[in-house]
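Heavy-atom basis, side chains included; hydrogens, waters and symmetry copies ignored. Order of the sequence lines sets the chain letters (A, B, ...), proteins ahead of strands, with each chain counted from 1. The structure displayed is predicted, hence computed values, not measured ones.
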There are 2 protein chains.
Amino acid sequence: MKLSANEEYGLRCLVRLAYAGFEERALTIPEISQAEGVSPAYAAKILRVLRKGGFVKAARGKEGGYTLARPAASIRIGDVIDALGGRLFESDFCDSHAGQAPICTRSVDCSVRSLWRAVQVAVDQVLSKTTLRDLLQNEEEMNSWVRTIPGANGLRLIQ
Amino acid sequence: MKLSANEEYGLRCLVRLAYAGFEERALTIPEISQAEGVSPAYAAKILRVLRKGGFVKAARGKEGGYTLARPAASIRIGDVIDALGGRLFESDFCDSHAGQAPICTRSVDCSVRSLWRAVQVAVDQVLSKTTLRDLLQNEEEMNSWVRTIPGANGLRLIQ
DNA sequence: CCTAATCTATACTTAATAGTCAAGATTACT
DNA sequence: AGTAATCTTGACTATTAAGTATAGATTAGG
Ligand code: FES
Ligand code: FES
């Protein structure tokens, strides 16, 4: 249960593109690569995932580059993370972790499964209510905003 | 951001040991291995992590086996998951994902970091309030119980 | 039409996780 | 003491994720 590199870099790239969108500007792979400190080839690989997910669009050739495919406010971070790193508790998780048994021997009635669902719901609670637009604020604004998420009341962000 | 195999199997083993504990019974590696459908060698590897984490204790030799190191009610699932799979948003995550730059170029004021913290808190909200004891109920009881977690009110478990 | 700047696709290498294997150490029982 | 059942350890292999390399396709502008 760890954030993946794809999730981290992918989201950072999107935020950058959203900012560039304010000035109607496209960003090229070299630009993004340098801004995030990753290799151009790796940036390209990440951008491809974002393009296939429908979050950004690309223009080729001179004067080309990447822009958001739709307004930042309509891009749910939950969807972005799904595209970049899959779900925490995939629907086939129990099937694929059944070892040699046909399925978790407790599968008809499994409290562990119930716990994973609860964790997944808790994560979705935050991610599905956050849009790319919400990430275009400074950290402090973001901290207060996140506390207003219903179901996440009382979250304490001091770590 | 995916559950790891260690987390899944480790937690399942622990639940099994908790049930065996009701009858003051130790479970051997072959027993656990067969019950969970994984190889004995793999079960041994997982049990080792749990032992090093202080959740189970082992007795060697004939009549040996594994038992819980302390009462199920005092084993926080959050701690177990930390031992088995690390944290979602490790404290050095941003440092180790800075690419060639010394750190995320937005690091003094990063809304993405704030989001990751919020997700981590949401996960902790569930896991730190759940003990192994809570997992010793059937799935339905577990579903209702999980809804009572403060801060997770209104969670909907239908997936 | 040619060129330079750009994205695209696939294959490759490296690192991390998942899972196996084999040799050793401890204990109960006879 | 001897034996069989048990855990312990470290090294090994396989699979997946992270990151690189290279050749090709598209476009603006001269
Ligand atoms: S059904 Fe998935 S852990 Fe039991
Ligand atoms: S500081 Fe971690 S993503 Fe910006």
Can you tell me which nucleotide in D:dC7, C:dG19, D:dG19 comes closest to the side chain of B:Y66?
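The nucleotide sitting nearest to the side chain is D:dC7.
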
Starting from [atom2] on [N], measure out to [atom1] on [X] and report it in whole angstrom.
X	N	atom1	atom2	result
B:E31	D:dT6	CD	P	7 Å
A:K62	D:dT27	NZ	C1'	10 Å
A:Y42	C:dA11	OH	P	20 Å
A:R48	C:dT10	CZ	C1'	8 Å
A:H97	D:dT16	NE2	P	11 Å
A:L47	D:dT20	CG	P	15 Å
B:E7	C:dG19	CD	C1'	16 Å
A:K2	C:dA18	NZ	P	9 Å

Determine whether more than 12 heavy atoms belonging to other residues, nucleotides or ligands lie under 6.0 Å from atom CZ of B:R70.
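Yes.
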
Name the residue closer to the 5' end of DNA chain D, choosing between B:R60 and A:L84 according to the nucleotide with the nearest heavy atom.
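Its nearest nucleotide lies further toward 5', so the answer is B:R60.
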
Using a heavy-atom cut-off of 4.0 Å across all strands, would you classify B:A58 as base, sugar-phosphate, or nothing?
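Answer is sugar-phosphate: B:A58 comes under 4.0 Å of backbone atoms only.
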
Considering every strand and a 4.0 Å limit on heavy-atom distances, what is the contact class for A:A5: base, sugar-phosphate, or nothing?
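If one applies the 4.0 Å heavy-atom cut-off, A:A5 turns out to touch the sugar-phosphate alone, with no base involved.
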
Can you work out whether B:N6 or A:R51 has the more 5'-proximal nearest nucleotide on DNA chain C?
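Closer to the 5' end of DNA chain C: A:R51.
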
For the side chain of [X] and the backbone of [Y], is there at least one donor-acceptor N/O pair under 3.5 Å apart?
X	Y	result
A:Q137	A:D134	yes
A:S33	A:V38	yes
A:E8	A:A5	no
B:E36	B:Y9	no

The single option from A:D92, A:D79, A:D82 passing salt bridge (Lys or Arg N to Asp or Glu O under 4.0 Å) against A:R87:
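Option passing the salt bridge (Lys or Arg N to Asp or Glu O under 4.0 Å) with A:R87: A:D82.
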
Which residues in residues 21-29 of chain B have at least one heavy atom lying under 4.0 Å from any atom of DNA chain D?
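Close to the strand are B:L27, B:T28, B:I29.
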
Under 4.0 angstrom between A:S39 side-chain N/O and D:dG19 OP1 or OP2:
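It does not, given that no N or O in the side chain of A:S39 lies less than 4.0 Å from OP1 or OP2 of D:dG19.
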
Could you pull out the closest heavy-atom pair between A:L27 and A:R25, with the gap in Å?
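Closest heavy-atom pair between A:L27 and A:R25: CD2-NH2, 3.5 Å.
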
Record whether the side chain of B:K45 comes under 3.5 Å of the base of C:dG19 through a donor-acceptor pair of N or O atoms.
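Pair found.
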
